[in-house]
Amino acid sequence: MEKKPRIFMVDDDTDLVQVVHWVLEAEGFAFASANSAKEALEKLDEVEPDLIILDVMMEDVVAGFRVVNALRNFEDHPDARKYAKVPILMLTSIQQRTKMKFSQDTGSNLLPIDAFLEKPVKPKALLEKIRELLPA
Amino acid sequence: MNRDENLGMGRSLESMDTTENRLINHFFHDFKGGLATVIMCVEAVKDGMAGPVSAMQSTWLEKAVDNCAKMAELIADFRDLSQMEDGSFPREPEELDLAAAWRSLEEHARSLADSSGRVVRFEAAGPLSRVLFSAQLFDRLMRRLVARVVECASGNGAVTASVHTLGQRVLIDVYFEGPEFEQRLLDTTFDKLAQTEYGLQLGRGYAMVFCRASARYLGGDIRAVPWPERGNKIEVRLPFSPVPDD
């Protein structure tokens with residue numbers, strides 16, 4: 001049986017996580033979640049994600065950046081190295097304020113994530129972006 | 001981006017979370033989070049993810065989504081206005097291609113006008129160069145203003161927006177045909193608490209308040225004036241800095 005792509009959502013809004021779970025499960029994805037940056041980094045090996053949906057503001061205003069840092073720079077989390085290629089989709093409500101710009105190139109001076117969607121996001125837009133980012 | 005640059009962006013984010021506006025920032029974050037959940041649920045139902053939906057149900061759900069979007073805009077305005085008031089709203093200048101920005105604004109206006117059937121004209125009186133400007137805030141100000149005029153100005157008269165630069169100022173005039181108001185009533189356009197039903201109404205919410213606050217935060221101003229025997233005009237005047245020579 002073909003393995004379902006596993007989406008790992010990291011967000012402290014448990015209601016939103018629940019709704020995204022429903023949406024993704026209805027579309028044939030496997031789903032796991034964490035409610036904080038700390039929990040997310042602890043659960044990586046258990047989840048083995050194919051894609052990560054990541055909020056920014058969680059236990060503190062920069063919690064999401066810590067996850068990005070761990071997954072892309074892995075200075076403090078050498079075990080996260082195996083997830084360096086997992087696409088990161090940032091889902092947040094602050095892009096306009098921070099003028100956050102990103103690049104998949106970790107050598108650039110932009111945030112090393114793969115895509116960005118600003119909340120509120122429609123299910124179709126989320127699904128389209130996930131399918132775009134997942135490896136074929 | 002290396003670890004230090006990543007953390008630098010985080011520090012920039014933290015610096016916006018000052019003591020004065022921390023409550024507002026966090027309230028906004030939580031409020032918008034709730035709205036995001038509602039919108040996603042409603043959209044999922046509308047898309048048929050919970051079973052077939054009739055045309056009437058779809059219409060009702062669309063109304064629910066529209067109002068959630070208005071609430072999201074309202075709370076964002078409240079947060080931004082409070083941060084402009086205490087000076088913490090970001091306004092770092094960056095290089096802006098004014099001509100490209102004007103074209104983008106025109107596309108936005110036309111897409112809105114297509115659904116309302118209103119005629120929209122955009123003009124640039126003279127060359128528009130690259131300038132140093134708070135590009136994001138300028139974009140938001142102008143998109144909100146144009147959207148409100150195209151969608152809400154009474155009657156269905158034509159809207160003409162023109163831009164030119166004079167010295168180190170951008171001058172934008174938005175003319176709209178329709179009933180002409182007295183200056184004393186036009187003065188209330190950007191002051192929500194002073195508005196009356198007899199004045200210029202450009203939709204509900206705080207968009208016009210946001211426009212004036214943004215213009216002033218950028219060091220300029222905005223006002224509504226009569227356009228004699230034709231309708232009314234909104235004037236936006238904003239200073240910019242020239243791009244330094246390399």
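These values consider heavy atoms only, across backbone and side chains, with no hydrogens, waters or symmetry-generated copies. Labels below follow one simple rule: chain letters A, B, ... track the order of the sequence lines, proteins then strands, and each chain is numbered from 1.
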Tell me whether B/Arg91 forms a cation-pi arrangement with B/Tyr217, defined as NZ or CZ under 6.0 Å from the six-membered ring centre and within 45 degrees of its axis. yes
Q. Quick one: are B/Met71 and B/Ile75 in side-chain contact, heavy atoms under 4.5 Å?
A. no
In short, B/Val120 meets B/Ala113 closest at the heavy-atom pair CG2-CB, 3.4 Å
For residues 36-50 of chain B against chain A, heavy atoms under 4.5 Å, the residues are B/Ala36, B/Thr37, B/Ile39, B/Met40, B/Cys41, B/Glu43, B/Ala44, B/Asp47, B/Met49
Next on the checklist: Tell me whether B/Arg169 forms a cation-pi arrangement with B/Phe240, defined as NZ or CZ under 6.0 Å from the six-membered ring centre and within 45 degrees of its axis.
Outcome noted: no
Exercise. Just wondering, do A/Leu91 and A/Phe116 contact through their side chains at under 4.5 Å, heavy atoms?
Worked result: no
When every non-hydrogen atom of B/Asp77 is compared with those of B/Arg144, the smallest separation belongs to OD2-NH2, 2.6 Å
Salt bridge (charged side-chain N to carboxylate O under 4.0 Å, His left out) filter on B/Arg212, not counting sequence neighbours, yields none
dist B/Glu94:CD -> B/Glu92:CD (nearest 0.5 Å) comes out at 8.5 Å
Within residues 23-43 of chain A, contacts to chain B at heavy-atom distances under 4.5 Å involve A/Val23, A/Glu27
Quick note, side chain to side chain donor-acceptor pair (under 3.5 Å) partners involving residues 7-16 of chain A, not counting sequence neighbours, are A/Asp11-A/Lys119
